[in-house]
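Report on the structure given below.
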Amino acid sequence: MDVVILLGAPGSGKGTVAGRLVAADKTLRHVSSGELLRDAVEHHTAAGDEADAYMKRGELVPDALIARIVADLMAELDGPRALLLDGFPRTVVQAQALDRTIESCGASLAAVVLLEVPDEILVDRIAGRRMCSVCGAGYHVTNLPPRVDGICDACGGALKVRKDDNPETAKNRLAVYRTQTMPLIEFYEARGVLRRVPGTGPIDEIVERARRAL
Ligand code: ADP
Ligand code: ZN
């Protein structure tokens, strides 16, 4: 199994791009750390109860907690040709944990795709973001509106604003990205696996650029 990491700031479009890539190629599997955590919070698992407070503040959950969730999932997976990791790793410690998981699964790191988006655009994207309360599909009020206002195209579920998409928390998440996640750019660049993809412009074009970078 190949592992592809999608790297980028909150609002850079990792989830949207991953969703499109997977819809077009059934041999891919999308794993979103944020979604895994939101599920855990919603179902009040032990991990979810621990993660909840960090997420509300826009901070990262502890490395060991998310590394364990992803490792457990990867150990169970069989079938996908490639895994698109969206939102994990987010720190160098997590990247090192992922290296060990990849090795123990007999997988290999195929590429790290960095979605590059200027800060002013990130803020606007986060502010307009909506999420399906049933299937988790992502929308944006102006850039990617649903066909019917407030309703998910895919499943008919009601759209909602994510709890941590308020301006204060979003600002904190951007700061956390800069200090804790950006060091991963150099970490993977040094290994020769980093592919930079401009994350602005029409969504279809961004997805196509990302597809070519896989
Ligand atoms: P975004 O990329 O827009 O910030 P995510 O859905 O990826 O949104 O993450 C939402 C929240 O979940 C983060 O702010 C953080 O609290 C938590 N989280 C997700 N992935 C990780 C991770 N790899 N390490 C630590 N915390 C994480
Ligand atoms: Zn839906």
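Only a predicted model underlies this, so the values are computations on that prediction, with no experimental measurement involved. Heads up: numbering here begins at 1 and tracks the sequence. As a basis for the values below, the full set of heavy atoms in this structure was taken, side chains included, without hydrogen atoms, waters or symmetry mates. Read the numbers this way: they start at 1 and go in the same order the structure lists the ligands and their atoms.
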*Is the NZ or CZ atom of Arg57 both under 6.0 Å from the centre of the six-membered ring of Tyr54 and within 45° of that ring's axis?*
yes
*Atom indices of ligand 1 within 4.0 angstrom of Arg129 heavy atoms, with elements*: 3 (O)
_One residue to check: Val61. Relative to ligand 1, which of side chain, backbone, both or neither has a non-hydrogen atom less than 4.0 Å away?_
both
*Check each of Ser33, Ala95, Gly58, Ala53 against atom 20 (N) of ligand 1 and report the one with the nearest heavy atom.*
Ser33
_Donor-acceptor side-chain pairing of Asp2 and Ser108 below 3.5 angstrom_ = yes
*Specify side chain, backbone, both or neither for Asp164, according to which of its non-hydrogen atoms lie closer than 4.0 Å to ligand 1.*
side chain
*Please could you name the atoms of ligand 1 that Gly87 approaches to less than 4.0 Å, counting only its heavy atoms?*
20 (N), 21 (C), 22 (C), 23 (N)
*With a cut-off of 4.0 Å, which atoms of ligand 1 are near a heavy atom of Gln94?*
22 (C), 23 (N), 24 (N), 25 (C)
_Mode of Arg125 contact toward ligand 1 - side chain, backbone, both, neither (heavy atoms, under 4.0 Å)_ = neither
*For Arg38, counting its heavy atoms only, list the atoms of ligand 1 lying under 4.0 Å from any of them.*
6 (O), 10 (C)
*Ligand-side contact atoms (ligand 1) for residue partner Lys14, heavy atom cut-off under 4.0 Å*: 2 (O)
_I'd like to know whether Leu98 forms a side chain to side chain contact (heavy atoms under 4.5 Å, CB included) with Leu85, so could you lay out the CA-CA distance, the side-chain angles of the two residues, the decisive distance to 0.1 Å, and finally the verdict._
CA-CA 10 Å; Leu98 177 63; Leu85 283 182; 3.7 Å; yes
*Nearest protein heavy atom to atom 7 (O) of ligand 1, by residue and atom, and its distance?*
Arg90 NH2, 3.1 Å
*Over 12 non-hydrogen atoms of neighbours within 6.0 angstrom of CD in Glu103*: no
*asked:* Tell me the angle that SG of Cys152 and SG of Cys132 form around the Zn ion (ligand 2), rounded to 10°.
replied: 110°
*Answer with side chain, backbone, both or neither: which part of Arg162 has a heavy atom less than 4.0 angstrom from an atom of ligand 1?*
side chain
*Which bit of Leu37 is near ligand 1, meaning a heavy atom under 4.0 Å away: side chain, backbone, both or neither?*
side chain
*Considering only the protein, which heavy-atom contact is closest to atom 15 (C) of ligand 1, and what is its distance?*
Glu59 O, 3.4 Å
*Under 4.0 Å from ligand 1, counting heavy atoms only, is it the side chain of Met55, its backbone, both or neither?*
both
*Atom CZ in Arg195, atom CD1 in Ile5: separation rounded to 0.5 Å?*
11.5 Å
